[in-house]
Amino acid sequence: MAGPDLTKTLLYTVNNLLQQEKYKAVLAVLKGFRNGAVYGAKIRAPHALVMTFLFRSGSFKDKLKAILKATYTHSRNLACFVFTYKGLQTLQERCQGKSLQSHSFLAACVGGWLVFGDNNNINSQINMYLLSRILFALSRLAVEKGYISQPKHDPFPLFATLVWGIVLWLFEYYPHTLQPSLQSSMNYLYHDSNVWHDITDFLVYNKPRTAA
């Protein structure tokens with residue numbers, strides 16, 4: 001039959017193309033786009049599901065739309081960033097004939113500005129997530145390179161002390177400075193636990209159930 005034969009021929013052609021070394025750089029950019037889209041969806045979908053049903057009000061349809069929108073935005077942005085980063089990195093390497101550390105930095109800077117420079121909730125969460133990671137990484141790198149001496153005692157307890165002290169102080173007295181999702185989480189933990197009417201909203205539910 002023509003159908004199966006055509007499919008086999010097409011698959012053979014595609015697989016043969018994927019093995020061509022001269023196309024590897026371009027194909028790596030395309031696969032990076034694919035991986036960014038998949039990873040973004042995997043990371044955002046469960047998070048959006050939990051946060052939306054835990055804290056967001058509205059109909060089931062509205063909640064589903066919010067979950068899909070957040071998942072799509074995260075997936076699209078990560079895919080576009082990976083595509084931009086790998087594409088610019090390859091372009092610089094081709095132009096200069098070798099790979100330099102500056103290529104990675106510059107490519108990521110451009111991608112970050114183009115994709116993650118838009119100030120919205122999704123980008124804000126991603127950028128703040130990365131900020132905490134790079135501060136840890138830069139601290140370790142500074143010790144590794146000898147710019148600062150190795151601490152004699154584990155600094156993690158002091159770090160935890162300051163992080164929790166500062167974030168709760170901000171929450172109690174300057175909550176508007178915190179990200180909305182963090183405000184919602186902290187309201188649930190620290191303020192909603194101050195209010196109850198009977199056993200139902202003390203133990204079973206967070207807030208009393210309203211009559212339909």
Side-chain angles (χ1 to χ4, degrees), residues 23-52 55-56 65-148 155-156 159-160 162-164 166-167 170-171 174-186:
Y23 299 129
K24 187 173 183 180
V26 174
L27 293 172
V29 174
L30 294 177
K31 186 173 182 181
F33 181 89
R34 177 264 179 200
N35 284 6
V38 171
Y39 188 78
K42 284 184 176 180
I43 292 296
R44 178 56 56 176
H47 177 269
L49 178 68
V50 172
M51 297 301 290
T52 298
F55 297 116
R56 192 185 183 96
K65 284 183 177 179
I67 294 169
L68 292 176
K69 181 180 179 181
T71 302
Y72 168 75
T73 302
H74 195 147
S75 178
R76 179 200 63 197
N77 286 6
L78 196 54
C80 290
F81 176 82
V82 176
F83 181 87
T84 303
Y85 169 73
K86 290 180 69 68
L88 291 177
Q89 203 175 21
T90 300
L91 182 63
Q92 291 177 96
E93 184 176 345
R94 290 288 177 89
C95 290
Q96 294 193 267
K98 59 181 178 179
S99 179
L100 302 173
Q101 289 190 27
S102 60
H103 293 169
S104 177
F105 179 77
L106 291 174
C109 282
V110 173
W113 179 66
L114 291 175
V115 179
F116 293 112
D118 184 24
N119 190 2
N120 57 55
N121 290 338
I122 301 298
N123 286 350
S124 179
Q125 289 175 0
I126 295 172
N127 289 337
M128 287 192 291
Y129 172 88
L130 290 177
L131 176 62
S132 65
R133 266 58 183 177
I134 64 174
L135 289 176
F136 260 87
L138 288 173
S139 298
R140 292 180 178 127
L141 184 62
V143 172
E144 182 182 305
K145 296 292 185 180
Y147 299 134
I148 60 176
F156 194 82
F159 163 75
L162 293 175
V163 165
W164 284 96
I166 292 171
V167 75
L170 288 171
F171 170 68
Y174 305 97
H176 62 280
T177 63
L178 298 175
Q179 192 186 29
S181 63
L182 180 57
Q183 291 182 47
S184 297
S185 299
M186 291 195 157

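Keep in mind that this is a model prediction, so the values were computed, not measured.
Here Asn119 pairs with nothing under the side chain to side chain donor-acceptor pair (under 3.5 Å) rule; sequence neighbours left out. Contacts of Gln96 classified as side chain to side chain donor-acceptor pair (under 3.5 Å), with partners at least two apart in sequence or in another chain: His103. Partners of Asp118 according to the side chain to side chain donor-acceptor pair (under 3.5 Å) rule, which considers only residues two or more places apart in sequence or in another chain, are Asn120. Evaluation of the side chain to side chain donor-acceptor pair (under 3.5 Å) rule for Ser104 yields Tyr85 as partners, not counting sequence neighbours.
Atom NZ of Lys69 sits about 9.0 Å away from atom CD1 of Ile122, to the nearest 0.5 Å. The CZ atom of Arg44 lies 4.5 Å from the CD atom of Gln125; values are rounded to the nearest 0.5 Å. How far CG of Leu49 is from CG of Leu68: 10.5 Å, rounded to the nearest 0.5 Å. Interatomic distance, CG of Leu106 versus CG of Leu91, reported as 12.0 Å (0.5 Å rounding). Taken from CD1 in Ile134 to CG in Leu141, the straight-line distance is 12.0 Å, to the nearest 0.5 Å. A distance of 4.0 Å separates OG in Ser185 from CE in Met51, rounded to the nearest 0.5 Å.
Residues Gln183 and Phe171 approach most closely at O-CE1, 4.0 Å, considering heavy atoms. Residues Val167 and Met186 approach most closely at CG2-CE, 3.6 Å, considering heavy atoms. Minimum interatomic distance between Gln92 and Ala107 (heavy atoms only, all atoms of both residues): NE2-CB, 3.8 Å. In terms of heavy-atom proximity, Val115 sits nearest to Asn77 at CG1-O, 3.1 Å. Pairing each heavy atom of Ala45 with each of Ile67, the nearest pair is O-CG2, 4.4 Å.
Identified under the side chain to side chain donor-acceptor pair (under 3.5 Å) test for residues 129-138, with sequence neighbours left out: none.
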Q: Kindly indicate, with the supporting measurements, whether the criterion side chain to side chain contact (heavy atoms under 4.5 Å, CB included) is fulfilled by Phe105 and Cys109.
A: CA-CA 6 Å; Phe105 179 77; Cys109 282; 3.5 Å; yes
Under 3.5 Å, sequence neighbours excluded: what are the donor-acceptor pairs made by side chains of residues 25-41?
none

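The number of heavy atoms from other shown groups lying within 6.0 Å of CZ (Phe81) is above 12.
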